[in-house]
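Notes for the one structure printed next.
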Amino acid sequence: MTPPKRVRFIALLSGVVGVIVVALIVLLATRDSNQATTFQSPLLGRPAPVMAGVTLQGPVINLANAKGHVVVVNFFASWCPPCQQESPQLSAFAYDQTKITNGAQMLGVVYNDSNTAMKAFIQQQGIGYPVLTDPQGNTANRWGVSSPPTTYIVAASGRVVAAYVGPLTAKQLDAAVKPYVGVH
Amino acid sequence: MLGFTEMTRFSLWTRFAAAALILFVALIVGSNVFSPHVQTNRERAQSIDATIKCPSCQDLSVAQASSPSSIAVRAQVLRDVNKGMSNSEVLAQLESQYGNAILLTPPPGGLSAILWIVPVLIVVLSAAILISVVTKRRRSARPRGQALVDHE
């Protein structure tokens, strides 16, 4: 390579590297970290793991009995700010779904939290859907949950079809369940 | 017949051999080669726990962490070991729940491989460019130096 060509090559290389670095900085700086993102859960496409037990509201619940309905399973904790952020959105979503024939059902699961703190949170947030207790963390372990809030959509077939981590909005959930609601 | 010096040398070698033999036997006995320690299920579960990442903590194994998620994972590992599952089967079961992020040292590949390879590539490429530029400058500077010597 002749010197002018070499200088041009180095300048071009530096330019490409510079553009990549600037693009990465812009991408990371403008990314909304306060929104839910989908993640590649190993459960996707598989039958939902066992989920049964006592709810904080009293009745016993078993996910297996909900076959034929779309169920949105949300692992959350009262101490987690993103969970506090999404809570009114999930309540709005759950309410909207009651107005749809065979709409999705919402199910909360306590993640790494005390039942006392969670009961206070439910009352404060006005959560109307059932919230399953998980004192030993076995349910969260079966579902491979590592941080709250983590949300799964279980189709009417009983298979896990979507997985999100981070705070969801009612709009996002509406769009996420739409392909599965009313489908058997 | 052996002479006095030869006798002394022979007995010296015999003493060395005897000492070496005693040391060898002591090491063999001490290492428990003939009575190997049989690992209990609990010990095997603990050794597996040390290779699994706590799901809800940073850089801790479930053996070190005390979060409810770690306790649940430890209970599952012990249950699976008691069922007679092999170490790889226990780990595969956990990977089917959490993905390979549950392992403290996930297998190389995918995005993690890129994260390791890219910095190395950048360093190698930068070094190559630097060496090439320096070599070129030296080469182009040499004839001028020789010309100066010729003038003198």
Side-chain angles (χ1 to χ4, degrees), chain A residues 1-14 16-18 20-21 24 38-51 75-77 79-80 109-115 117-118 133-150 152 160 163 165, chain B residues 49 52-60 62 65-80 90-104 106 110-111 114-115 118-119 121-141:
Chain A
M1 230 187 268
T2 56
K5 270 189 182 172
R6 183 176 294 275
V7 170
R8 220 176 299 148
F9 171 72
I10 291 170
L12 188 73
L13 197 70
S14 313
V16 170
V17 171
I20 291 171
V21 169
L24 272 172
T38 53
F39 73 99
Q40 282 304 308
S41 164
L43 299 182
L44 290 174
R46 285 170 41 193
V50 173
M51 179 175 281
F75 289 84
F76 71 113
W79 47 261
C80 131
V109 186
V110 179
Y111 180 80
N112 279 8
D113 205 352
S114 73
N115 288 352
M118 196 49 103
T133 56
D134 188 21
Q136 311 295 320
N138 288 329
T139 304
N141 179 42
R142 274 195 291 268
W143 285 69
V145 179
S146 52
S147 66
T150 297
Y152 297 92
V160 179
V165 67
Chain B
D49 289 343
I52 303 165
K53 192 177 158 292
C54 159
S56 56
C57 350
Q58 296 272 324
D59 303 324
L60 279 179
V62 292
S66 57
S67 66
S69 55
S70 292
I71 295 167
V73 171
R74 283 204 298 262
Q76 179 183 330
V77 170
L78 186 60
R79 220 168 28 239
D80 289 350
V90 172
L91 293 175
Q93 176 59 42
L94 279 165
E95 279 186 72
S96 75
Q97 294 160 222
Y98 292 93
N100 63 19
I102 193 70
L103 305 176
L104 268 180
L111 188 66
I114 294 170
L115 290 174
V118 167
L121 272 180
I122 288 173
V123 169
V124 169
L125 205 67
S126 309
I129 290 171
L130 193 73
I131 289 167
S132 122
V133 168
V134 168
T135 317
K136 194 79 188 167
R137 279 192 183 173
R138 275 190 186 167
R139 267 188 206 156
S140 58

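In what follows, every chain begins at residue 1, and chains take the letters A, B, ... in the order their sequences are listed. No experiment lies behind these values; they were computed from the predicted model shown.
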Using non-hydrogen atoms only, which part of [X] is less than 4.5 Å away from chain A: side chain, backbone, both, or neither?
{"X": "B:Ile71", "answer": "neither"}
{"X": "B:Ile122", "answer": "neither"}
{"X": "B:Glu95", "answer": "backbone"}

So for A:Arg142, is it side chain, backbone, both, or neither that comes closer than 4.5 Å to the heavy atoms of chain B?
backbone
Counting only non-hydrogen atoms closer than 4.5 Å, does A:Val145 touch chain B with its backbone (N, CA, C, O), its side chain (CB onward), both, or neither?
backbone
Can you tell me if A:Gln136 has over 12 outside heavy atoms packed within less than 6.0 Å of its CD?
no
From [X] atom [atom1] to [Y] atom [atom2], the distance as rounded to the nearest 0.5 Å:
{"X": "B:Ser69", "Y": "A:Asn138", "atom1": "OG", "atom2": "CG", "answer": "11.0 Å"}
{"X": "A:Asn112", "Y": "A:Cys80", "atom1": "CG", "atom2": "SG", "answer": "10.5 Å"}
{"X": "A:Asn141", "Y": "B:Gln76", "atom1": "CG", "atom2": "CD", "answer": "4.5 Å"}

For B:Arg74 and B:Val62, indicate whether the former's side chain and the latter's backbone hold a donor-acceptor pair under 3.5 Å.
yes
Please identify, among B:Pro68, B:Ser70, B:Ser67, the residue contributing the most non-hydrogen atom pairs under 4.5 Å to chain A.
B:Pro68
